[in-house]
> 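Dumping the structure here so I can ask a few things about it.
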2 protein chains.
Amino acid sequence: MKHPQQTIGDIGERETIARIVAVAPSSRNGDDAAVLGQPAPNSRTVVTTDMLVEGRHFRQDWSTPEEIGKRAILQNFADIEAMGARPVAAVLGLSAPESTPIDTVEGIARGVETQVAFYNAELVGGDITSGDILTLSVTAIGSLGGSAAPLTLDRARPGQQLVAAGRIGYSAAGLALLSEYGREAVPEELMPLVHAFVSPSLLPGRGVIARATGATCMTDNSDGLVADLGTIAGRSRVTIDLDPVAIAPDELQTQAGELLGVDPWTWILGGGEDHTLLATTARAVPSGFRPIGRVLKASSHGVLLGGETPAVTSGWVSF
Amino acid sequence: MKHPQQTIGDIGERETIARIVAVAPSSRNGDDAAVLGQPAPNSRTVVTTDMLVEGRHFRQDWSTPEEIGKRAILQNFADIEAMGARPVAAVLGLSAPESTPIDTVEGIARGVETQVAFYNAELVGGDITSGDILTLSVTAIGSLGGSAAPLTLDRARPGQQLVAAGRIGYSAAGLALLSEYGREAVPEELMPLVHAFVSPSLLPGRGVIARATGATCMTDNSDGLVADLGTIAGRSRVTIDLDPVAIAPDELQTQAGELLGVDPWTWILGGGEDHTLLATTARAVPSGFRPIGRVLKASSHGVLLGGETPAVTSGWVSF
């Protein structure tokens, strides 16, 4: 027989906060606001925020609390990296029903702490309140060193290469597998796709490296490859031509596509949430990146695939 | 006949964001993350976050969307001020049902913009998603200039005066009136109490002034006077003795108390959310503050009222 789990309603707000802080301790936490360390000379502060709602952005039967916490941080830190900056701190807002097991909250905090520590950053504060749906709100703070421009969406230039650091279309394939099978029944060999959805990864520092080695424009693949590159194409007034060989489905994606009766290109072109960095550069391919296309002069199309209009263009929308 | 209102589900995510940005424009917004301006030399970044859930922290039959937005910013900026820092930027996470009228979202954005502009700060980014309950998550970023220590909770010292900038127990009285009468039926002359609840105010710069003129410890009255001062007493290992004359109910509070059959001292000692700055200083009372008590050596009591144990000690808890 399973013991009834202790809930956050049982132990109350103060004890719940104490448990979170025990999992993710910080000397900066616990006052009205957190004071960050002295910034590097000439650096600027970079800030981004993302909200994750249960049932919409994650499901507890698909993701562990740790994975939910890790992903909440990763998707914010990817936005910091995508400016060419270094994540230094995060705050976590958590709204949860009183019936939420304290284990769940501690698990989320552990995932958050694991991810911020992996980035050598720090969870410096937060807020917790009761609410009917489990909702996480993360704000990430980054440091943009030196006086060079940040890597904005409007600075892709014709003649540059498009380069990527990370998988493309893995997260969407994982989501499709979870939707069909649930977490327990996904074939073992396809689990890397599932892991890309429940806890996407991005090596710390790739964004800083890209900026230091001459990239001018960067984003992360969050809304879908064609959608995100379409935003760059529009803001930069260029056309982006994807190399169909470089981004072709790999063996796992092909296998998953056959199993589900889905064209894996759907995941590659339309799927988001890989949080893979996509940058443009006229210089050498930055370490950890690979070329996946070229930037052309503006045409009537924002994004092309091997010179032709891609069949899939839609991406993730919040509502 | 009232026209059916256009909802955010009708116009979609992109258009909703466009409407918010039109109300609160910022050149820093619209990329993966916002890059703040070059910081002042020697300054440090300060960060805080707060989540507001409909039904728990606000009600739409009590507050206008503008008031909800203004309050969300104010309670975060008060935490920045309470460190002795200056608010410079905010990000807004918004989770809302698809049936939410676009007018409501624009109203919230207008309130946010009004408040950040009043503080000479900027809304630099945000995130919007659908969710079953209207939820706001604000993160505020501040600048702590110079090398002096921030005004933390652990630096009250025996012999100091306790000083306050703003009303105490007004917000709680306003909440009590709203609970009894609803917004429309509160007697006109008591509306200042209601306004203190739906849109508390705090003059920008008071926190910086307190730090510049020798205060060592500061917080804002968010959880309740005795609760917040109790935190200071505990962290600083002191006792705080409130002056019963200085914080006595004023005419409005007395009138409201008689009307509702409530002892107004309940609101003064137990009510939070005034976001009044409470500071301790051994020097002259900072401009805009007034003395309301003294800091004594630690005793068995954290907070006293005229040398005696106050009758009301509890404050706001989130669950």
Side-chain angles (χ1 to χ4, degrees), chain A residues 8-9 12-14 16 30-39 42-53 56-57 78-80 82-83 85 89 91-95 98 124-133 135 137 139-142 144 150 152-154 218-220 317-319, chain B residues 8-9 12-14 16 30-39 42-53 56-57 78-80 82-83 85 89 91-95 98 124-133 135 137 139-142 144 150 152-153 218-220 222 317-319:
Chain A
I8 60 172
E13 180 187 6
R14 272 170 198 270
T16 302
D31 217 292
D32 295 296
V35 180
L36 304 187
Q38 196 72 40
N42 255 328
S43 67
R44 282 169 284 174
T45 297
V46 178
V47 56
T48 187
T49 193
D50 256 332
M51 225 168 185
L52 291 83
V53 179
R56 176 127 202 107
H57 300 97
D79 282 330
I80 298 288
M83 302 305 288
V91 292
L92 170 68
L94 193 63
S95 171
E98 293 184 26
V124 298
D127 186 32
I128 184 162
T129 182
S130 74
D132 288 350
I133 320 169
T135 304
S137 177
T139 300
I141 314 285
L144 184 77
T152 50
L153 298 166
D154 56 359
M218 187 155 57
T219 194
D220 69 310
V317 286
S318 287
F319 51 86
Chain B
I8 61 173
E13 180 186 6
R14 273 170 198 268
T16 301
D31 218 293
D32 295 297
V35 180
L36 304 187
Q38 196 72 40
N42 256 326
S43 68
R44 282 168 285 174
T45 297
V46 179
V47 57
T48 187
T49 193
D50 256 332
M51 225 168 184
L52 292 83
V53 179
R56 176 128 201 107
H57 300 96
D79 282 330
I80 299 288
M83 303 304 288
V91 292
L92 169 68
L94 193 63
S95 171
E98 293 186 25
V124 298
D127 186 32
I128 184 162
T129 182
S130 74
D132 287 350
I133 321 170
T135 303
S137 177
T139 299
I141 314 288
L144 185 77
T152 49
L153 298 165
M218 186 155 55
T219 193
D220 70 310
S222 53
V317 287
S318 288
F319 52 85

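If you're wondering where the values come from, they're calculated on a predicted model, not measured in any experiment. So you know, we letter chains A, B, ... as the sequences are listed, proteins then strands, and number each from 1.
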> Where is the tightest heavy-atom contact between B/Met218 and A/Asp32, given as atom of each residue plus distance?
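Closest heavy-atom pair between B/Met218 and A/Asp32: O-OD2, 3.2 Å.
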> Heavy-atom pairs under 4.5 Å with chain B: which of A/Ile141, A/Leu36, A/Thr48 has the most?
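Top count of heavy-atom pairs under 4.5 Å with chain B: A/Leu36.
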> Where does A/Leu144 contact chain B at under 4.5 Å (heavy atoms): side chain, backbone, both or neither?
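Interface part for A/Leu144: side chain.
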> Among the options A/Ser95, A/Ala140, A/Pro150, pick out the one with the most heavy-atom pairs lying under 4.5 Å from chain B.
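Heavy-atom pair counts peak at A/Ser95.
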> Do you know which of A/Thr45, A/Val91, A/Ile80 has the most heavy-atom pairs with chain B at a distance under 4.5 angstrom?
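Greatest number of close heavy-atom pairs with chain B: A/Thr45.
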> Which pair of heavy atoms, one from B/Met51 and one from B/His57, lies closest together, and at what distance?
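Closest pair (atom of B/Met51, atom of B/His57, distance): O-CE1, 3.6 Å.
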> Do you know the tightest heavy-atom contact between A/Ser43 and B/Gln38?
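So the minimum-distance heavy-atom pair works out to O-NE2, 3.7 Å.
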> If the condition is side chain to side chain donor-acceptor pair (under 3.5 Å), which residues does B/Thr135 pass it with, not counting sequence neighbours?
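In terms of side chain to side chain donor-acceptor pair (under 3.5 Å), with neighbours along the sequence ignored, B/Thr135 is linked to no residue.
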> Stepwise, does the side chain to side chain contact (heavy atoms under 4.5 Å, CB included) test hold for A/Glu13 with A/Ile8?
CA-CA 7 Å; A/Glu13 180 187 6; A/Ile8 60 172; over 6 Å; no
> Chain A: which of B/Val47, B/Val46, B/Val35 shares the most heavy-atom pairs with it under 4.5 Å?
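The answer is B/Val47.
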> In terms of heavy-atom pairs under 4.5 Å with chain B, which of A/Ala34, A/Gly93, A/Ser137 leads?
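So the answer, after comparing A/Ala34, A/Gly93, A/Ser137, is A/Ala34.
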> Just give me the residue among A/Leu92, A/Leu52, A/Leu94 that pairs up with chain B most often, heavy atom to heavy atom, under 4.5 Å.
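Answer, by heavy-atom pair count under 4.5 Å with chain B: A/Leu94.
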> Below 4.5 Å, heavy-atom pairs only: which of B/Ala82, B/Gly125, B/Ala78 has the largest tally toward chain A?
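Greatest number of close heavy-atom pairs with chain A: B/Ala82.
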> To the nearest 0.5 Å, how far apart are CG in A/Asp50 and OG1 in B/Thr129?
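With rounding to 0.5 Å, CG (A/Asp50) is 9.0 Å from OG1 (B/Thr129).
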> Using only heavy-atom distances, determine whether the side chains of B/Asp127 and A/Thr49 contain a donor-acceptor pair under 3.5 Å.
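Checked: B/Asp127/A/Thr49 side chains show no N/O donor-acceptor pair below 3.5 Å.
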> Among B/Asp31, B/Val124, B/Asp220, B/Asp132, which has the most heavy-atom pairs under 4.5 Å with chain A?
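Counting heavy-atom pairs under 4.5 Å, the top option is B/Asp31.
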